[in-house]
Structure formats: C-alpha cells, structure tokens
Visitor: 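Have a look at this one before I ask anything.
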Amino acid sequence: KELIKKIEEPPRIETFNVQYVTYKKHETKATVRPSLKVTYCSGLANFTEYVAMESPRAVQHCRAWWIQRSQTPVPSNVDEALTQVNRLKVPAQLSVWTNKKYPEIVRHIF
C-alpha cells in the first residue's frame, strides 16, 4: 500500500464580532479542578475557551486573562470569578483559527 501523507492547510484566521459572552462553571469527572467556561457568541457562531482558574499550572495564563478584562484582584476560584463576571470587559472581536477540528481563539480584540 502506498501511504499518502496528508498535506496540512495553513491556518485560516477569521475575525468575528462578539455580541455577548456567557460564563459557566465547567466540571467533568476527568478534571480534578473546575474551570471557567467562557462562550463568545457571534451571530450563529459560538466559540468557547476554558480558563483553568484553579489549576496551579495555569496561574500565569489565568492571571493575564483576568487582568486583560478587569482591574479587580484575580479571583482564587471559579465560584468567586462567577460573582464578578458582570464587571468584565467583553472583547469587541475575536480572531479565530477556523480550519481545524476545534476552532481556536488566537486573539481577543477589545
């Protein structure tokens, strides 16, 4: 049999306007700690990211994510974050890598 090597497409980045954002606590049996599920809605398209507020390995990422959206102290857990989400800045647009199995948000534009 001849093996055919799949040629990967270069990333296709598209920009979407954000109409609104929803926030939820995300827990699964597979994860030890809950995360903050953030869903950006743009017309009929929704894009989701998970902010691991309680993960020791993601402290710097979570801190940067929060500081970009708020001037309040970074919450220590998801429940605390959920009490403050109504004060977070909402991005006007997202840049999304769309031609992959799960679209990936690559930039938030405020």
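In this text the structure is predicted, and so the values were computed from the model without any measurement.
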Visitor: Heavy-atom distance under 4.5 Å between the side chains of C41 and N46, does that happen here?
Guide: yes
Visitor: Within a radius of less than 6.0 Å around CD of Q19, do more than 12 heavy atoms belonging to other residues, nucleotides or ligands occur?
Guide: yes
Visitor: Under 4.5 Å between any side-chain heavy atoms of P56 and R33, yes or no?
Guide: yes
Visitor: State the OG1-NZ distance between T22 and K37, to the nearest 0.5 angstrom.
Guide: 7.5 Å
Visitor: Walk me through whether E14 and S95 qualify under side-chain contact (heavy atoms from CB on, under 4.5 Å).
Guide: CA-CA 6 Å; E14 296 181 49; S95 294; over 6 Å; no
Visitor: Please say whether more than 12 non-hydrogen atoms of neighbouring residues, nucleotides or ligands are located less than 6.0 Å from CZ in F110.
Guide: yes
Visitor: If the condition is salt bridge (charged side-chain N to carboxylate O under 4.0 Å, His left out), which residues does K100 pass it with, not counting sequence neighbours?
Guide: E104
Visitor: If you link ILVMFWY side chains whenever their heavy atoms are less than 4.5 Å apart, which other residues fall into the same cluster as W65? By chain and number, please.
Guide: F16, V18, V21, Y23, L36, V38, Y40, F47, V51, M53, W66, I67, V74, V78, L82, V85, L88, V90, L94, V96, I105
Visitor: K89 and Q68: which non-hydrogen atoms are nearest, and at how many Å?
Guide: CE-O, 3.2 Å
Visitor: If you measure only the distance, is there a donor-acceptor pair under 3.5 Å linking the side chains of T72 and Q84?
Guide: yes
Visitor: Considering all heavy atoms of both residues, which atom of E80 and which atom of S76 are nearest to each other, and what is their separation?
Guide: OE1-OG, 3.0 Å
Visitor: More than 12 heavy atoms of other residues, nucleotides or ligands under 6.0 Å from CZ of R63: is that the case?
Guide: no
Visitor: Nearest heavy-atom pair of S35 and A52: which atoms, and what distance?
Guide: CB-CA, 3.9 Å
